[in-house]
Amino acid sequence: MAAAIPAREAAATRESVVLTEVRPTLFDLVRTFALISVTAFGGGQLTSMRREMVSRLGWLSDEEFVEMLSLLPTMPGPLPVSMACLVGYKFQRVIGAAVSLFACIIPAFVMLILIAKIYLSQAPGSLLFAMFRGCAAGVVGINVANAFELTTPYFRLPVALVFISATAYAVSGLHLSLELVLLILAPLSIGLRAWRGKV
Amino acid sequence: MYYQLVSVFAVLSLLGFGGGNAIIPQMFTESVHHYHWLTASQFSQFYAMARMAPGPTTTISALVGYAVGGLPGAAVAAGAMFIPSGIIVTIGGALWSRLGEHPFRKIFAAGMAPVVIGLLWSGTLVIALGGVQSWRAGAIAATALVLTLRTKASVVILILGGGALGLLFLR
């Protein structure tokens with residue numbers, strides 16, 4: 001695992017964030033998704049994926065990432081796994097999608113079975129669980145940072161900010177079902193965009 | 001037995017719109033009340049583990065499969081949970097990219113963007129409520145936040161760094 005990191009750091013520059021000509025190989029897809037899958041304790045892999053794919057490796061622009069993200073609620077499946085399928089398909093077609101799907105779930109699957117075995121044999125106050133909680137706290141920081149970075153382009157667009165906060169509030173604050181929120185806010189936002197020509 | 005696992009989880013896989021957390025209650029009903037694969041308290045224990053472990057919460061399917069048929073059961077259940085939706089998403093993505101430069105594609109993506117970013121924020125809030133339950137965990141999260149914004153460190157380094165700090169401070 002440690003040997004893979006210097007190469008990854010060399011691959012990403014500021015410029016590649018804008019010009020996305022980087023084309024990941026099957027091996028790149030597996031490495032990135034598997035590493036995230038095995039470390040993203042507590043959930044929130046989607047933002048870790050943005051961090052790696054957009055900010056570090058330059059596979060996608062934020063526009064492409066958000067476009068893929070916007071497709072996901074129209075289809076079934078857990079968001080990070082579906083995102084991996086879309087990215088895999090984009091770069092390596094069906095094989096890429098299949099490989100990315102398995103890279104996303106097999107490491108998580110192995111970790112979960114291990115955790116279950118440990119959980120049932122050890123009190124949750126142990127050292128190992130302290131480490132898991134630390135990992136989960138790290139994931140929270142990564143999540144907030146990525147959500148913030150994705151929001152910054154909209155700081156000058158009050159209508160978009162209203163939709164961002166309304167969606168977040170309706171789902172987390174009012175606990176409305178995701179389907180209901182999407183059925184109301186998505187057509188409104190898309191309709192406004194079509195009508196005004198901008199958000 | 002494997003057939004039953006596949007029939008339950010493949011159907012749930014196709015119903016899991018907008019993430020998959022929405023199907024957890026139905027998974028509970030099927031596996032606890034209908035098939036009696038496990039008890040309600042086992043299910044909620046499994047749910048806590050799946051929340052804590054890496055990967056989407058629907059990996060709980062693997063634990064249910066494990067309770068039914070050991071490691072092969074876990075693999076069958078997880079496969080049934082993730083492969084059908086994966087196929088649909090891949091087909092959907094392929095059809096979408098065929099739209100090319102169609103104006104609808106741009107309008108849809110631009111209109112959906114604020115909504116899905118809002119969804120990311122609400123997901124972040126859920127994770128934060130579960131992951132930051134003490135000021136020490138909050139300090140680790142804040143450190144990861146600043147390092148994410150200010151450096152190019154890989155998420156693996158950031159998360160494992162959080163784990164190391166957790167080992168020291170979250171006992």
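Order of the sequence lines sets the chain letters (A, B, ...), proteins ahead of strands, with each chain counted from 1. From a predicted model like this one, the values you see are computed outputs, not experimental measurements.
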Report task. With a 4.5 angstrom heavy-atom cut-off, could you sort out which part of A:L150 is near chain B: side chain, backbone, both or neither? Result -> both
Query - Toward chain B: residues of residues 176-184 of chain A with heavy atoms under 4.5 Å - result: A:L178, A:E179, A:L182
**Report entry** Max heavy-atom pair count under 4.5 Å with chain B, selected residue of A:G138, A:G77, A:S100, A:A186
**Finding:** A:G77
Query raised in the report: For A:L101, is it the side chain, the backbone, both or neither that has a heavy atom under 4.5 Å from a heavy atom of chain B?
Result: side chain
Requested in this report: Check the surroundings of atom OH in B:Y3: do more than 12 heavy atoms from other residues, nucleotides or ligands lie under 6.0 Å from it?
Outcome: no
Requested in this report: Among A:A166, A:P78, A:P73, single out the residue with the greatest number of heavy-atom pairs under 4.5 Å to chain B.
Outcome: A:P78
Requested in this report: Give a yes or no on this: more than 12 heavy atoms of other residues, nucleotides or ligands lie within 6.0 Å of atom CZ of A:R23.
Outcome: yes
Report summary line: Counting heavy-atom pairs under 4.5 Å with chain A, the top scorer among B:A144, B:S97, B:G93 is B:A144
Report task. Among B:L158, B:L14, B:L119, single out the residue with the greatest number of heavy-atom pairs under 4.5 Å to chain A. Result -> B:L119
Query raised in the report: With only heavy atoms counted, which part of B:F108 is less than 4.5 Å from chain A, the side chain, the backbone, both or neither?
Result: both
Query - Contact leader toward chain A among B:G162, B:G163, B:P103, B:G166, where contacts are heavy-atom pairs under 4.5 Å - result: B:G163
Query raised in the report: Side chain, backbone, both or neither: which part of A:F102 has a heavy atom under 4.5 Å from chain B?
Result: side chain
Query raised in the report: From A:N146 CG over to A:R50 CZ, what is the distance, rounded to the nearest 0.5 angstrom?
Result: 5.0 Å
Query raised in the report: Checking B:L147 against chain A: side chain, backbone, both or neither under 4.5 Å from a heavy atom?
Result: backbone
Report task. Determine, for B:F169 and B:R171, whether the Lys NZ or Arg CZ falls below 6.0 Å from the six-membered ring centre while staying within 45 degrees of the axis. Result -> no
Query raised in the report: Out of B:I107, B:I88, B:I91, B:T57, which one racks up the most heavy-atom pairs below 4.5 Å with chain A?
Result: B:I107
Requested in this report: Report the option among A:V162, A:T74, A:L114, A:L188 that has the most heavy-atom pairs separated by less than 4.5 Å from atoms of chain B.
Outcome: A:T74
Query - B:T58 portion near chain A, given a 4.5 angstrom heavy-atom threshold - result: side chain
Report summary line: On a heavy-atom basis, the closest approach of A:L29 and A:G88 is CD1-CA, 4.0 Å
Report task. Please round to the nearest 0.5 Å and tell me the distance separating atom OG of B:S7 and atom OH of B:Y35. Result -> 4.5 Å
Query raised in the report: chain B heavy atoms under 4.5 Å from A:V81: which part of the residue, side chain, backbone, both or neither?
Result: side chain
Query raised in the report: Hey, which of A:G44, A:P107, A:S82, A:A97 has the most heavy atom pairs under 4.5 Å with chain B?
Result: A:S82
Report summary line: Counting heavy-atom pairs under 4.5 angstrom with chain B, the leader among A:G43, A:C85, A:G42, A:A170 is A:G42
Query - Residue among A:G191, A:A108, A:A137 with most heavy-atom pairs under 4.5 Å to chain B - result: A:A137
Requested in this report: For the residue pair B:F9 and B:W37, categorise the inter-ring angle as parallel (less than 30°), tilted (30 to 60°) or perpendicular (more than 60°).
Outcome: parallel
Report task. Would you confirm whether B:S13, through its side chain, and B:M81, through its main-chain N or O, come within 3.5 Å as a donor-acceptor pair? Result -> yes
Report task. Pick whichever of B:G161, B:A109, B:G138 has the most heavy-atom pairs under 4.5 Å with chain A. Result -> B:A109
Query raised in the report: Where does B:L125 contact chain A at under 4.5 Å (heavy atoms): side chain, backbone, both or neither?
Result: side chain
**Report entry** chain A contact via B:A139 - side chain, backbone, both or neither, heavy atoms under 4.5 Å
**Finding:** neither
Report summary line: Okay, A:L46 and chain B: the region with an atom under 4.5 Å from a heavy atom over there is side chain
Requested in this report: Measure from the side-chain N and O atoms of A:N143 to the backbone N and O of A:V140, and report whether any donor-acceptor pair falls under 3.5 Å.
Outcome: no
Report task. Name the region of A:S48, side chain, backbone, both or neither, that has any atom closer than 4.5 Å to a heavy atom of chain B. Result -> both
**Report entry** Atom pair OG/CD1 of A:S165 and B:I117 - distance to nearest 0.5 Å
**Finding:** 11.5 Å
**Report entry** Closest non-hydrogen atom pair between B:G65 and B:A77, with its separation
**Finding:** CA-CB, 3.8 Å
Query - Test item: A:L69 and A:M83 side chains (from C-beta on) under 4.5 Å apart, heavy atoms - result: yes
Query - Smallest separation among heavy atoms of B:S85 and A:P76, with atom names - result: CB-O, 3.6 Å
Requested in this report: Let me know if A:E67 has heavy atoms under 4.5 Å from chain B in its side chain, its backbone, both or neither.
Outcome: both
Requested in this report: Give, as side chain, backbone, both or neither, the part of A:F41 having an atom under 4.5 angstrom from any heavy atom of chain B.
Outcome: both
Query raised in the report: B:G131, B:A128, B:A94, B:A142: which one forms the most heavy-atom pairs within less than 4.5 Å of chain A?
Result: B:A94
Requested in this report: Assert yes or no for the condition that the ring centre distance of A:F129 to A:F132 is strictly below 6.0 Å.
Outcome: yes
Query raised in the report: Would you say B:K152's side chain and A:S55's backbone share a donor-acceptor pair under 3.5 angstrom?
Result: yes
**Report entry** Main-chain N/O of A:S61 paired to A:E64 side chain as donor or acceptor, under 3.5 Å
**Finding:** yes
Requested in this report: Tell me, for B:A22 versus chain A, whether the close heavy atoms (under 4.5 Å) come from the side chain, the backbone, both or neither.
Outcome: side chain
